[in-house]
Number of protein chains: 2
Amino acid sequence: MTPAPAKKPAERPYHHGDLRRAVLTAALDVIAADGPSRLSLRDLARRAGVSHAAPAHHFKDRTGLLTAIAAEGFGLLAAELAEAEDLKDAGVHYVRFAREHPAHFQVMFTPELLRADDLELTTARALAGDALRGAVASVRPDELGIDPRLAGVAAWSLAHGFATLLLGRNLDDPIGNQDPEDVFRTLAAMLFRRDA
Amino acid sequence: MTPAPAKKPAERPYHHGDLRRAVLTAALDVIAADGPSRLSLRDLARRAGVSHAAPAHHFKDRTGLLTAIAAEGFGLLAAELAEAEDLKDAGVHYVRFAREHPAHFQVMFTPELLRADDLELTTARALAGDALRGAVASVRPDELGIDPRLAGVAAWSLAHGFATLLLGRNLDDPIGNQDPEDVFRTLAAMLFRRDA
DNA sequence: CTCCCAACTTGTCAACGACTAGATTCCGCG
DNA sequence: CGCGGAATCTAGTCGTTGACAAGTTGGGAG
């Protein structure tokens, strides 16, 4: 039997074709523009040209939609971190991810919007966690001189804080129009410089 | 006809007394427990024992309430930072503030929930910004060896990221049951250790 | 071809934010 | 003391939303 990948061959008959993806994409637009609070399932349905209850069939409810977005985000983050060459570079990729997927990033770290026990979410998050720990392990222990677990927390905190403040437009003044990734490289160098 | 028999010592008079403070406090409870998204003006009114439209008189609308909370938060943060002795200590106080006022902290850095041009908010934020810059200025330039503005960004990013991840319960595994402030002191030491 | 089931629709309900008009109480000022 | 304006709170309403229930459509497996 053909697996029937079910791409979208039709315009918009009774069946939308790929409503799930359409709703996800529209949701990401709304969140990036106005935040998760202004997200409305009915609005997404309108944008997709379907009835007001159609999205619920794919995501159960609002929380389900946001959980799906977070899970997708952790998958994308894991892929991004996998490309990093060392811990400092992982931070750069972390910041890049936040800037390229601001909606995902925002939802991923707003736990009260998510179904914490969702399987897809927890596995995707674990994947991203593995990627981070892998980056930490790539540093020779004598290079940082402290518990590698704390080094991971330090790197994560610095990257997460920088990314969060950046997305919240809190760093516009201090860093002006410099490339954020370059600025972050400087910060990371402060954290991981070897003692002479 | 005398009104209904008084059930409790303080049967609700027509005027609440300090509804503004009561609504603020209740809102902080709700936000700390369930996040700003589950905040409902009508629910707060019920908790305070007033009609569903009463809170709007003090805060105009939902955004007004959240803006008032953020402004109060920046004031509290400025006071907390003013007690710091140096930049590293300012970070410790920043983390302490986030733990002691999680609801304020969350709202302060969720700009899409706030009225950005609100006067009280902008002045309070400026106050906190001054406090942070003051802490940065307390460091002798040769001690960090880089642009002091970037040092401020680094310190803020580290403290903000650590606090954010902490409140989101993302660091439960890595730091176990250690005192978060102690952990942060270690991280800050990484950032600001002098070369050689 | 038939039947099953996922995708989608229509209808409904309670809750909410926002707005309006009106009632009650407080307080400054004469 | 009392008067009048203003602050505070109530009551009613409207449009929107999330969630749910029940019915409809159509594609595809057998």
Side-chain angles (χ1 to χ4, degrees), chain A residues 1-27 30-31 34-69 107 110 112-115 118, chain B residues 1-4 6 10-27 30-31 34-69 107 110 112-115 118:
Chain A
M1 339 248 182
T2 53
K7 292 299 173 191
K8 61 153 297 295
E11 301 287 80
R12 205 188 61 198
Y14 191 89
H15 285 45
H16 178 282
D18 195 0
L19 180 59
R20 185 184 161 89
R21 190 66 249 171
V23 168
L24 275 174
T25 306
V30 172
I31 294 170
D34 296 330
S37 57
R38 295 221 210 335
L39 187 70
S40 149
L41 289 180
R42 291 174 108 104
D43 177 50
L44 298 178
R46 256 172 260 136
R47 293 177 187 231
V50 295
S51 82
H52 64 86
H57 188 267
H58 292 274
F59 301 101
K60 178 72 178 172
D61 55 13
R62 219 182 91 106
T63 303
L65 169 59
L66 291 165
T67 302
I69 290 175
V107 174
T110 310
E112 66 266 18
L113 298 178
L114 309 177
R115 193 120 39 210
D118 180 85
Chain B
M1 296 302 190
T2 55
E11 178 60 33
R12 170 162 64 100
Y14 194 89
H15 283 51
H16 177 283
D18 194 1
L19 181 58
R20 183 186 162 91
R21 189 65 249 171
V23 169
L24 275 174
T25 305
V30 172
I31 294 171
D34 297 331
S37 57
R38 290 208 198 17
L39 187 71
S40 148
L41 289 181
R42 291 171 105 106
D43 177 50
L44 299 177
R46 272 186 297 262
R47 293 177 186 232
V50 295
S51 82
H52 64 88
H57 186 267
H58 293 273
F59 302 102
K60 177 68 180 174
D61 55 14
R62 220 182 91 106
T63 303
L65 169 59
L66 291 165
T67 302
I69 290 175
V107 173
T110 311
E112 64 268 17
L113 298 179
L114 309 177
R115 193 120 39 210
D118 181 85

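So that the names make sense, note that chain A is the first sequence line, chain B the second, and so on, each numbered from 1. Worth knowing before you read on, the calculation uses all heavy atoms, side chains too, and leaves out hydrogens, waters and symmetry mates.
Residue pairs that meet the salt bridge (charged side-chain N to carboxylate O under 4.0 Å, His left out) test with at least one member in residues 48-60 of chain A, sequence neighbours left out, do not exist here. Sorted by first then second residue, the side chain to side chain donor-acceptor pair (under 3.5 Å) pairs that include residues 35-44 of chain B, not counting sequence neighbours, are B/Asp43-B/Arg47.
A straight line from CZ of B/Phe59 to P of C/dA18 spans 13 Å, rounded to a whole angstrom. Rounded to a whole Å, the CZ atom of A/Arg20 is 10 Å from the P atom of C/dA7. We find that CZ of B/Arg38 is positioned 14 Å from P of C/dG17, with the value rounded to whole Å.
Scored by the side-chain hydrogen bond (donor to acceptor under 3.5 Å, both in side chains) test, A/Asp34 finds no partners at all (sequence neighbours excluded). Under the side chain to side chain contact (heavy atoms under 4.5 Å, CB included) criterion, B/Ala54 pairs with B/Leu19, B/Val50, B/Ser51, sequence neighbours left out. Legend: residues meeting side-chain hydrogen bond (donor to acceptor under 3.5 Å, both in side chains) with B/Arg62, ordered by chain and number and at least two apart, are absent. Listed by chain and number, the residues in a side chain to side chain contact (heavy atoms under 4.5 Å, CB included) with B/Thr110 are B/Glu112, B/Leu113 (sequence neighbours excluded). Every salt bridge (Lys or Arg N to Asp or Glu O under 4.0 Å) that A/Arg21 has, sequence neighbours left out, goes to A/Glu72. Remark: B/Asp18 engages no residue in a side-chain hydrogen bond (donor to acceptor under 3.5 Å, both in side chains) (not counting sequence neighbours).
The side chain to side chain contact (heavy atoms under 4.5 Å, CB included) with A/Leu44 is formed by just one residue from the set A/Val30, A/Thr25, A/Leu24; it is A/Val30.
Between A/His57 and the phosphate of C/dA7, there is a side-chain N or O to OP1/OP2 separation shorter than 4.0 Å.
In terms of heavy atoms, A/Ile69 sits closest to A/Ile31 at CD1-CD1, 3.9 Å.
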At a cut-off of 3.5 Å, list every protein nitrogen or oxygen paired with a nitrogen or oxygen from nucleotides 3-5 of chain C, distance to 0.1 Å.
none

Going 5' to 3' along nucleotides 12-20 of chain D, which nucleotides have protein heavy atoms under 4.0 Å from the base (write B), which only from the sugar-phosphate (write S), and which from neither (write -)? BB---BBBB
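Across its full length, the helix from C/dC1-D/dG30 to C/dG30-D/dC1 shows an angle of 10° between the axes of its 5 terminal pairs at either end, rounded to 10 degrees.
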